[in-house]
> 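Here it is, the structure in full.
Index from 1, following the sequence.
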Amino acid sequence: MALGAAVVMVYMPQSLADIDRTTEGSPVDRDLLSQVNQAILSGNSFKCSEKDLNDHLHLVMHAREADGFEIFSEFKNILVRLNDGSMEIIFERDVLGWQSTVSAILSIEVHIEGASKTAALQVVGGRFGSLPVTKNFVGLIRKALVNVGNGLVPEKEVLSRLEGITIQNGWLILEAHAGSKLP
């Protein structure tokens with residue numbers, strides 16, 4: 001019975017109603033990356049809303065289904081839900097006319113070794129449809145997550161210059177290095 005319930009939950013997509021994004025028309029291109037870069041170079045922190053982040057992803061990510069899968073599946077969106085201390089990356093598809101979702105929940109871990117400080121994304125879990133899964137199952141979508149990272153090279157470059165990243169409900173707060181202010 002539990003297995004049957006789990007299968008049903010996998011086919012029931014998670015609700016996306018709480019994700020802040022532009023839903024009608026095209027998002028306004030505010031050149032978010034340029035704004036973040038300017039703030040970081042001037043030594044200021046930058047507060048990015050979930051809506052701005054999702055609109056930016058909509059403008060810069062051009063994903064499609066793998067060859068052979070486009071016959072029955074159509075890629076719709078990559079979305080981000082910002083929760084306290086974690087972000088959820090959600091892949092939305094239309095499979096044979098039905099909405100389908102799969103996601104990975106990530107946290108940011110800061111590692112300090114001597115004078116160097118590095119931040120790394122850590123998978124803490126995810127969802128297949130509305131079924132919560134452990135980080136081990138999220139490995140099944142590892143390639144999709146890597147492809148998202150590969151598509152965000154300029155964004156990763158800017159983020160590499162940060163002192164800290166904080167995720168709060170609906171906000172991504174980027175902190176500049178204290179000594180990064182331009183003369």
Side-chain angles (χ1 to χ4, degrees), residues 5-24 27 30 32-33 36 45-66 69 73-95 98-111 118-156 158-160 162 164-175:
V7 169
V8 168
M9 290 180 73
V10 167
Y11 286 103
M12 290 175 43
Q14 66 171 288
S15 174
L16 304 177
D18 64 325
I19 296 178
D20 198 7
R21 60 184 165 150
T22 299
T23 55
E24 292 186 26
R30 296 185 333 134
L32 182 64
L33 186 58
V36 171
S45 63
F46 187 86
K47 196 171 181 182
C48 179
S49 71
E50 184 177 270
K51 180 183 183 306
D52 288 343
L53 188 56
N54 279 313
D55 287 352
H56 179 73
L57 284 174
H58 182 76
L59 292 168
V60 300
M61 295 300 296
H62 305 287
R64 61 178 180 81
E65 292 296 339
F69 288 98
S73 180
E74 178 186 355
F75 187 82
K76 292 291 190 184
N77 284 311
I78 298 173
L79 299 166
V80 174
R81 179 183 285 128
L82 299 175
N83 298 312
D84 285 334
S86 69
M87 74 171 54
E88 185 174 11
I89 298 176
I90 304 159
F91 299 95
E92 180 186 18
R93 290 180 167 82
D94 186 332
V95 180
W98 297 88
Q99 180 189 25
S100 171
T101 59
V102 63
S103 69
I105 301 170
L106 309 167
S107 67
I108 297 174
E109 291 191 6
V110 177
H111 303 282
T118 59
L121 289 174
Q122 182 72 31
V123 176
V124 295
R127 292 188 238 191
F128 288 3
S130 57
L131 179 69
V133 296
T134 65
K135 66 181 179 179
N136 295 334
F137 283 101
V138 175
L140 295 171
I141 63 167
R142 183 181 185 284
K143 185 174 180 180
L145 292 170
V146 169
N147 287 339
V148 169
N150 291 340
L152 297 173
V153 172
E155 289 80 359
K156 290 190 310 188
V158 170
L159 294 177
S160 70
L162 296 175
I165 300 172
T166 305
I167 305 170
Q168 292 179 342
N169 195 19
W171 294 94
L172 185 65
I173 302 165
L174 310 172
E175 298 291 333

> Just how far is it from atom OG of S100 to atom CZ of F128, taken to the nearest 0.5 Å?
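Going from OG on S100 over to CZ on F128, the span is 10.0 Å.
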> Go through the structure and list residues passing salt bridge (Lys or Arg N to Asp or Glu O under 4.0 Å) with D52, not counting sequence neighbours.
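Only R30 meet the salt bridge (Lys or Arg N to Asp or Glu O under 4.0 Å) criterion with D52.
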> Would you give the length of the straight line joining atom CG of D55 to atom OG1 of T22, rounded to the nearest 0.5 angstrom?
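Reported value, rounded in 0.5 Å steps: 3.0 Å.
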> Given 3.5 Å as the limit, does a donor-acceptor pair link the side chain of S130 with the main chain of M9, or not?
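Checked: pair present.
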> Supply the atom-to-atom distance L131 CG to T101 OG1, rounded to the nearest 0.5 angstrom.
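If we round to the nearest 0.5 Å, L131:CG and T101:OG1 are 10.5 Å apart.
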> Nearest 0.5 angstrom please: L162 CG to I108 CD1, how far?
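So the CG of L162 and the CD1 of I108 are separated by 9.0 Å.
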> Does N77 have any side chain to side chain contact (heavy atoms under 4.5 Å, CB included) partners at least two apart in sequence or in another chain, and if so, which?
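So N77 forms a side chain to side chain contact (heavy atoms under 4.5 Å, CB included) with R21, H58, L79, E92.
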> K135: which residues meet the salt bridge (Lys or Arg N to Asp or Glu O under 4.0 Å) condition with it, sequence neighbours left out?
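Checked K135 against salt bridge (Lys or Arg N to Asp or Glu O under 4.0 Å); zero matches.
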> Counting distance only, does the side-chain N/O of N54 pair as donor-acceptor with the main-chain N or O of D20 below 3.5 Å?
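Yes, the answer is positive, given that a donor and an acceptor are paired below the 3.5 Å cut-off.
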> How would you list, by chain and number, every residue that makes a side chain to side chain contact (heavy atoms under 4.5 Å, CB included) with K47, sequence neighbours excluded?
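With sequence neighbours excluded, K47 shows a side chain to side chain contact (heavy atoms under 4.5 Å, CB included) to W171, I173, given in chain and number order.
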> Show the atom names and distances, to 0.1 Å, of all donor-acceptor pairs under 3.5 Å that link a side chain in residues 144-156 to residues at least two apart or in another chain.
unit_1: N147; atom_1: ND2; unit_2: K143; atom_2: O; d: 3.3
unit_1: N150; atom_1: ND2; unit_2: V146; atom_2: O; d: 3.4
unit_1: E155; atom_1: OE2; unit_2: H56; atom_2: NE2; d: 2.7
unit_1: K156; atom_1: NZ; unit_2: G149; atom_2: O; d: 3.2

> Find the distance between OG (S49) and CG (L82) and round it off to the nearest 0.5 Å.
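Result: 8.5 Å between the selected atoms.
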> Can you find a pair of side-chain heavy atoms, one from R93 and one from V102, that are under 4.5 Å apart?
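Heavy-atom side-chain distance check passes, below 4.5 Å.
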> When the side chains of residues 83-91 are checked against the rest of the protein, which donor-acceptor pairs come out under 3.5 Å, sequence neighbours left out?
unit_1: D84; atom_1: OD1; unit_2: N169; atom_2: N; d: 2.7
unit_1: E88; atom_1: OE1; unit_2: R81; atom_2: NH1; d: 2.7
unit_1: E88; atom_1: OE1; unit_2: R127; atom_2: NH2; d: 3.1
unit_1: E88; atom_1: OE2; unit_2: Q14; atom_2: NE2; d: 3.3
unit_1: E88; atom_1: OE2; unit_2: S103; atom_2: OG; d: 2.6
unit_1: E88; atom_1: OE2; unit_2: R127; atom_2: NE; d: 3.1

> Indicate the atoms forming the closest heavy-atom contact of S73 with V95, along with that distance.
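Reported closest heavy-atom pair: OG-CG2, 3.8 Å.
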> Is any side-chain heavy atom of V36 closer than 4.5 Å to one of C48?
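C48 vs V36: side chains apart.
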